[in-house]
Every structure is written in C-alpha cells, then in structure tokens.
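One structure is given below, encoded as structure tokens.
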There are 2 protein chains.
Amino acid sequence: MTGTLTPMHTRHRRYHHGDLRAALLSRAEETLREKGPAALSLRELARDLGVSHAAPSRHFKDKQALLDAMALTGFERLTGVLAASQDGAGETFSKRVDAMVRAYVGFARDNAELLDLMYSIKHDPGASDALLEATQHWSDLVVRLIGEGQARGDVREGPMERVGLPVFATLHGYADLAVTGMLPPEADEHGLDDVIAFILRGCAP
Amino acid sequence: MTGTLTPMHTRHRRYHHGDLRAALLSRAEETLREKGPAALSLRELARDLGVSHAAPSRHFKDKQALLDAMALTGFERLTGVLAASQDGAGETFSKRVDAMVRAYVGFARDNAELLDLMYSIKHDPGASDALLEATQHWSDLVVRLIGEGQARGDVREGPMERVGLPVFATLHGYADLAVTGMLPPEADEHGLDDVIAFILRGCAP
DNA sequence: ACCTGAACACCGTTCAAGT
DNA sequence: ACCTGAACACCGTTCAAGT
C-alpha cells in the first residue's frame with residue numbers, strides 16, 4: 001500500500017521492470033567498465049537489479065552465456081563504428097586508413113575492458129556462431145579497405161589476406177597497447193600519426 | 001611404519017618436499033597451460049600438492065600475488081629468449097628483426113595462456129616494481145635493435161621511441177592474433193614472412 | 001619457520017515450488 | 001512464462017593453534 005496511483009510501479013518487486021535480459025546486459029557492462037571483469041558476479045547483478053539470484057538463469061543459462069552476449073554486442077558496436085568511419089572519410093586511401101585506425105583506437109580507449117572481454121571470448125574454442133560471424137564482418141571491413149587501395153594503385157599487389165594481415169596486426173597491436181596502458185607517455189603526442197604512416201609505408205607498392 | 005629406509009620420505013605428509021613456493025608456481029603454470037586461467041584455484045593447487053588449503057598463504061599473501069609471480073617469471077623467460085635470439089642472428093638489420101620476431105611469436109605460441117596472463121597483469125594499476133622493470137628490459141631490446149638499424153642506415157631517422165613504437169605494435173599484434181587463434185589458416189604459410197617484410201618497409205628510410 | 005583446521009563470507013548452478 | 005528460496009559444492013581469506 002504505497003498510496004501511489006501508478007499501477008505499473010506498485011513497488012520495486014514485480015516480475016521486474018520489463019526486460020530483465022537487457023537490464024542484466026547493461027548493468028553488467030557498467031560494472032565491467034567501473035570495477036573490472038573480476039567484479040562481475042551473477043549474484044551481485046541480481047542484487048543490483050532487485051531480483052533473486054536465480055532469476056538471471058532464465059535469460060542466460062550460464063555466466064559464460066552472459067559474457068558471450070556482452071561480447072557480441074561489443075562486436076556489433078565496433079563494426080558499426082568502423083563502418084561509419086568509412087562513410088565520411090574522403091577519397092584517398094590514406095584518409096580512409098586514417099579514419100579507420102582512429103575509429104578503432106577510439107573504440108578501444110572508450111571500451112577497454114569490453115574489448116579485452118571480446119578478445120578473450122573470441123579466444124576460447126566454444127565461441128558461438130553469431131560471435132564468429134560478427135568478427136568476420138569486421139575483418140571484412142579491413143579487407144575491403146585494402147582492396148580499394150589496390151584498385152587505386154596505393155597498395156602493393158598480392159592476395160588481400162596476405163597484404164591485409166600485417167595491417168590488421170599493427171592496428172590491433174597498437175589498440176591493445178593503448179588499452180592495456182603500455183604506451184609510453186610520449187605516444188599520446190605522435191603515436192597515432194606514426195602508426196598510420198608506418199602502415200601506409202608498409203602497404204605501398 | 002612404512003618399512004622404507006629412506007628417512008626423507010617417510011610419507012607424503014611432512015612439511016612438504018622442500019620448496020612449496022616453487023612447487024606452487026610450477027604446478028600453477030601447468031594447470032594454466034592445460035586448463036586455462038579460470039581453472040586456477042589456490043585450494044586445488046594445495047590439494048594437488050598435498051598441503052592444506054591455507055598453506056599457500058605463507059608464500060603468497062593473495063591469489064593475485066601468485067599471479068604476479070607467475071607473470072614475472074614469464075617476463076624473465078621472454079626477455080631471455082629475445083636476448084638469445086639476437087646473439088646468433090648475424091649482422092644485417094633484417095636478419096636481426098627476423099630473429100626477434102620469430103623468437104617472440106614462438107614464445108607466444110608456446111606460452112599462450114601465460115602471455116595472456118602477463119599482459120592482463122601488466123594492465124592493472126597495482127603492478128609490482130619488479131614486474132614493471134621486467135617489461136622495461138624487454139622493450140629495451142626492441143629499442144636497441146632499432147638504434148642499431150639507424151646507425152647502419154637501415155632505419156629512418158627520428159627518436160627511437162617514435163620509430164620503435166609501430167614496430168612494437170605490429171610485433172605484439174601479430175603475436176596476439178597468433179595466441180588468440182585469430183589468424184586465418186593461410187597465415188601459417190606466409191604470415192610471419194609478410195609481417196617481417198611489412199616491418200622492414202615501415203622502418204626503411 | 002611452516003603448516004593445519006575451523007570458520008566466514010562469498011560464488012555459480014540446480015530444482016522444486018510459487019504466481 | 002517468469003521468478004523465488006533453499007540447497008549443494010565450490011571459492012578466497014583469516015586466525016588461533018599445533019610441530
């Protein structure tokens with residue numbers, strides 16, 4: 001008997017406020033970002049959302065299933081950001097590379113813990129098909145960029161997978177260094193420019 | 001009353017077989033390699049070694065302290081391998097780069113889970129001084145290699161940190177892709193050669 | 001010095017039972 | 001359909017007490 005007239009919010013205790021699954025995902029990402037992966041606990045998540053500790057199991061059979069779903073949303077957002085970076089990037093190959101590198105490193109900086117999770121989950125063998133597909137989408141973007149560069153004569157000849165792999169490695173490596181805090185302080189100034197120039201030289205015919 | 005005459009092994013239960021600390025480290029690395037990081041448990045380690053679950057706390061105040069010590073031995077071994085790769089690598093810059101890249105990727109392949117642990121620990125802010133020093137040693141090796149290349153005229157001018165960072169990023173990124181199984185199958189054939197050639201082009205004056 | 005045993009507060013997972 | 005409550009087997013950590 002709260003005295004309120006809003007029938008949809010009689011109290012904090014109903015069958016939750018609509019979509020427990022989405023609430024779990026969003027709260028989980030929040031605590032991942034704020035307290036790190038070790039602090040992620042199904043029971044604490046349930047407590048935070050005011051449901052019983054067993055409730056999450058209706059939506060995620062496992063803790064691993066929750067982590068998988070988090071990684072999947074991460075990959076989807078990442079590919080969205082990368083695709084968007086190409087839209088207004090201009091014509092030249094070097095501008096398109098510049099835009100993609102900055103988009104990727106930006107995502108890495110803004111979602112460091114999530115990116116770590118994404119890679120660690122991609123790592124283990126039981127990765128879901130949806131997840132493999134999402135990672136495929138994003139490597140396709142790099143492949144397409146390289147292909148365009150070849151068509152313009154800005155990139156050396158060769159199978160795209162072979163030409164693209166070192167680019168991918170450099171991009172991923174720099175982002176990972178940024179994420180894990182291993183970049184020396186001087187890198188903030190010129191690091192990104194240097195890496196982009198390095199990639200362009202490595203690609204040149 | 002076992003009837004044996006060897007006084008040092010009256011039974012499996014003494015104050016352990018000499019060095020519990022070393023035994024914990026070596027067993028921990030074994031289970032890390034075989035069952036992954038999630039399976040690492042102080043209690044199970046203690047069980048495996050036939051001591052009580054509280055015994056490890058004499059040698060490692062924390063689970064984190066054990067992980068730190070594991071990472072430290074990993075960094076020491078890695079710098080050893082990298083330094084050794086330069087000894088018989090020959091004179092030319094490209095041969096020295098080739099040797100170091102192969103040594104690093106080889107270590108990454110042979111110690112995938114440990115390398116993951118090493119980076120994740122380097123990540124978090126409470127890293128010990130010994131650990132920071134160990135990572136410093138190994139980035140010094142890359143810096144020295146670049147410096148020699150510059151002295152010979154094989155590497156473009158510029159501050160070594162700036163010239164070396166993209167090299168470091170590429171090396172790290174490729175090793176990480178190899179470790180996390182993200183390399184496409186074709187990469188086994190030419191991947192390493194392509195990456196080395198890419199690095200050399202990126203460094204060239 | 002080095003280890004044991006009991007205790008405490010926390011997990012993830014499962015399952016009958018409730019609405 | 002969705003959630004609760006109790007139960008189980010596991011953790012990490014601490015601390016008096018043993019040798």
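Excluded from the calculations below are hydrogen atoms, water molecules and symmetry mates; all remaining heavy atoms, backbone and side chain alike, are included. Naming convention: chains lettered A, B, ... in sequence-line order (proteins, then strands); numbering from 1 in each chain. Quick caveat, the model's predicted, so the values are computed rather than measured.
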Give every donor-acceptor pair under 3.5 Å between a side-chain atom in residues 79-89 of chain B and any protein atom, sequence neighbours left out.
residue, atom, partner, partner atom, Å
B:Thr79, OG1, B:Phe75, O, 3.2
B:Thr79, OG1, B:Glu76, O, 2.9
B:Ser85, OG, B:Leu82, O, 2.7

Self-check item: For atom CG of A:Leu42 and atom P of D:dC11, their distance in whole Å
Solution: 18 Å

Quiz prompt | DNA chain D contacts among residues 58-67 of chain B, heavy-atom distance under 4.0 Å | solution = B:Asp62, B:Lys63

Quiz item: What residues form a side chain to side chain contact (heavy atoms under 4.5 Å, CB included) with A:Lys35, not counting sequence neighbours?
Solution: A:Ala39, A:Glu44

Contacts under 3.5 Å, N or O only, protein and nucleotides 6-8 of chain D:
residue, atom, partner, partner atom, Å
D:dA6, N6, A:His53, NE2, 2.9

Self-check item: Rounded distance (Å) that lies between atom P of D:dC3 and atom CG of A:Asp19
Solution: 9 Å

Quiz item: Listed by chain and number, what are the side chain to side chain contact (heavy atoms under 4.5 Å, CB included) partners of A:Ser26, not counting sequence neighbours?
Solution: none

Self-check item: Watson-Crick and G-U pairing of DNA chain C written in dot-bracket, each distance under 3.5 angstrom, with | for inter-strand partners
Solution: ||.|||||...|||||.||

Exercise. Determine which pairs satisfy salt bridge (charged side-chain N to carboxylate O under 4.0 Å, His left out) with at least one residue from residues 126-138 of chain B, sequence neighbours left out, and list them in order.
Key: none

Quiz item: So does A:Ser41 get a side-chain nitrogen or oxygen closer than 4.0 Å to the phosphate oxygens (OP1/OP2) of C:dC11?
Solution: yes

Quiz item: What residue pairs, at least two apart or across chains, pass salt bridge (charged side-chain N to carboxylate O under 4.0 Å, His left out) with a residue in residues 175-193 of chain A?
Solution: A:Arg102-A:Asp193

Self-check item: Test side chain to side chain contact (heavy atoms under 4.5 Å, CB included) applied to A:Ala130 - qualifying residues, sequence neighbours left out
Solution: A:Leu72, A:Ser128

Quiz item: Does CZ in B:Arg162 sit with more than 12 non-hydrogen atoms of other residues, nucleotides or ligands closer than 6.0 Å?
Solution: yes

Quiz item: Which pairs count as ring-ring contact (aromatic ring centres under 6.0 Å, His included) when at least one residue sits in residues 159-179 of chain A, sequence neighbours excluded?
Solution: A:Tyr119-A:His172, A:Trp138-A:Phe168

Exercise. Quick one: list whatever passes side chain to side chain contact (heavy atoms under 4.5 Å, CB included) with B:Leu66, sequence neighbours left out.
Key: B:Leu25, B:Ala28, B:Leu42, B:Leu45, B:Phe60, B:Met70

Quiz item: In Å, rounded to the nearest 0.5 Å, how long is the span from CZ of A:Arg47 to CZ of A:Arg27?
Solution: 11.5 Å

Could you pull out all donor-acceptor pairs under 3.5 Å where a side-chain atom in residues 110-118 of chain B meets a protein atom, sequence neighbours excluded?
residue, atom, partner, partner atom, Å
B:Asn111, OD1, B:Arg33, NH2, 2.8
B:Asn111, OD1, B:Arg77, NH2, 3.3
B:Asn111, ND2, B:Phe107, O, 3.0

Self-check item: A:Glu44 CD to C:dC11 P, straight-line distance once rounded to whole Å
Solution: 6 Å

Quiz prompt | Length of the line joining A:Leu45:CG and C:dC10:P, which is rounded to integer Å | solution = 16 Å

Quiz item: What does B:Arg47 touch in the nucleic acid at a heavy-atom separation under 4.0 angstrom: a base, only the sugar-phosphate, or nothing?
Solution: sugar-phosphate

